[in-house]
Amino acid sequence: MAEIAVEATETPAQIPNVRVAVLGAGKMGGILLQAFLKQNLFAAEQIHATRAHAESALAMSTQWGVDVSTDNLEAARNADLILLGVKPFQVPDLLEEIRPALTKEKMIVSIAASVKTRSIEDLAGIDIAVVRAMPNTPSALGAGAAALCRGRFVSPRQMELAQRIFETVGRTVTVEEKHMEAVTGLSGIGPAYIYIIIEALAEAGVKVGLPRDVATQLAAQTAFGAAKMVLETGYHPALLKDAVTTPAGCTIDGILELEEGGLRVTLIKAVMRATERAKQLAAG
Ligand SMILES: NC(=O)c1ccc[n+]([C@@H]2O[C@H](COP(=O)([O-])OP(=O)(O)OC[C@H]3O[C@@H](n4cnc5c(N)ncnc54)[C@H](OP(=O)(O)O)[C@@H]3O)[C@@H](O)[C@H]2O)c1
């Protein structure tokens, strides 16, 4: 996916007094960091990011005008909020590395899939606030879906701050931690399901005679529009479906085929399977 260039703005940051360390500013950490700058949630001077490789740190620093290094300890030491953006298996080593910089006044936000708040608290070795989040890739365009859950030591203000962070890249919900693997199975990896549905609808358009680019645009915009209808009207999807299904019309014929093909059950099973896998990974 092409990267979107960001220019730091001149207007004051919306959260001026919080210093942020994004440790492991790769794909997802980088998306969040860009959104912070683009929406001016934090000013460039408030952010220190890290990467594993010095050359990627330098390239990122040059591109976005923020401090990017390979020194996690220094970044954590100078931060109030520490965002863990490394791969799940790298979390224990990273926490070991930054442990000397951790204090009870700081806060950790982790986006590492399947890593429990309790393990992060244990690895930190102190009663520190830990918020765990599961965002998804449409966050890159401000259309993400993220679920957050809190560890044992998170105050309402800290939770509010975590929510504001993820609201810069889309819609945010708060769930109990026991639901985080279900979130992974539904929205974490959900864009992949929707891409397949869009691809299949576009293929269908080609089958019934539409040029491929036209079919793809219509399929994607239809998925977007239907999602917007659900989110903005607040109506149950079944009600919206019934409203467009006229007696003896075309829609009911299409729906009949979908039901016969088992689309509904297949999607339910897909989410169940992915949730099970996320649970296996969480269990180690
Ligand atoms: N991508 C998604 O859709 C998605 C969705 C939800 C949650 N997540 C979670 O987000 C996390 C990152 O995933 P990703 O897809 O963004 O992976 P990624 O692009 O590989 O990013 C990981 C970054 O961590 C850096 N890194 C590795 N070891 C480091 C260390 N010791 N110190 C500092 N930086 C280090 C790497 O730096 P270099 O680039 O220099 O090697 C890389 O930029 C994972 O835990 C994943 O579960 C991802």
Side-chain angles (χ1 to χ4, degrees), residues 1-3 20-35 47-64 66-79 82-99 101 108-117 119-120 123 130-149 162 165-166 168-173 175 177 179-195 274-275 277-282 284:
M1 195 185 295
E3 291 197 354
V20 183
V22 182
L23 307 183
K27 213 180 306 145
M28 190 49 76
I31 286 171
L32 287 165
L33 198 155
Q34 267 199 85
I47 303 172
H48 186 153
T50 63
R51 301 282 292 255
H53 300 93
E55 55 286 13
S56 47
L58 180 64
M60 191 173 199
S61 176
T62 309
Q63 188 185 0
W64 296 347
V66 293
D67 198 357
V68 189
S69 72
T70 55
D71 192 340
N72 294 309
L73 186 58
E74 196 213 355
R77 202 161 257 145
N78 294 323
I82 299 164
L83 202 147
L84 307 182
V86 295
K87 294 282 188 192
F89 76 92
Q90 295 167 321
V91 170
D93 283 351
L94 179 60
L95 282 165
E96 177 72 37
E97 191 183 340
I98 64 168
R99 197 186 304 172
I108 296 176
V109 175
S110 167
I111 57 169
S114 304
V115 180
K116 293 191 166 68
T117 54
S119 345
I120 296 173
L123 287 160
V130 178
V131 174
R132 176 178 163 195
M134 174 47 60
N136 65 9
T137 46
S139 300
L141 301 175
L148 310 187
C149 69
I165 282 179
F166 288 94
T168 62
V169 290
R171 193 172 286 263
T172 303
V173 297
V175 299
E177 185 153 17
H179 294 312
M180 286 303 273
E181 279 62 54
V183 168
T184 304
L186 177 61
S187 58
I189 61 163
Y193 307 145
I194 306 298
Y195 297 142
T275 302
R277 181 69 186 129
K279 280 183 183 163
Q280 284 170 7
L281 293 172

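For ligands, and for the atoms within them, numbers begin at 1 and follow the listed sequence.
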Leu23 to ligand 1: N or O pair under 3.5 Å?
-> no
Atom NZ in Lys87, atom NZ in Lys27: separation rounded to 0.5 Å?
-> 5.5 Å
Looking at ligand 1, does any of its N/O atoms fall within less than 3.5 Å of an N/O of Ala52?
-> yes
Compute whether any side-chain donor of one residue and acceptor of the other, for Glu177 and Thr117, lie under 3.5 angstrom apart.
-> yes
Pull out every atom of ligand 1 sitting under 4.0 Å from any heavy atom of Ser56, numbered as shown with elements.
-> 38 (P), 39 (O), 40 (O)
Relative to the heavy atoms of His53, which atoms of ligand 1 are at a distance of less than 4.0 Å?
-> 38 (P), 40 (O), 41 (O)
Between Lys27 and ligand 1, does any nitrogen or oxygen pair lie at a separation below 3.5 Å?
-> yes
Any N or O on Met28 sitting closer than 3.5 Å to an N or O of ligand 1?
-> yes
Enumerate the atoms of ligand 1 whose separation from the nearest heavy atom of Ala113 is less than 4.0 angstrom.
-> 45 (O), 47 (O)
Between Leu94 and ligand 1, does any nitrogen or oxygen pair lie at a separation below 3.5 Å?
-> no
Report the part of Gln90 (side chain from C-beta onward, or backbone N, CA, C, O) that has a heavy atom under 4.0 Å from ligand 1; answer both or neither where that applies.
-> side chain
Passing option when Ser139 is tested against Leu141, Asn136, Thr137 for side-chain contact (heavy atoms from CB on, under 4.5 Å) | Asn136
Atom 32 (N) of ligand 1: closest protein heavy atom, distance to 0.1 Å, is Asn72 ND2, 2.9 Å
For atom 21 (O) of ligand 1, the closest protein heavy atom turns out to be Gly26 CA, 3.3 Å
Which segment of Ala57 sits under 4.0 Å of ligand 1 when only heavy atoms are counted = neither
N-O pairing of Glu96 and Arg99 below 4.0 Å | yes
Just distances here: any N/O of Glu97 and N/O of ligand 1 closer than 3.5 Å?
-> no
Drop me the distance from Leu84's CG to Ile98's CD1, to the nearest 0.5 angstrom.
-> 6.0 Å
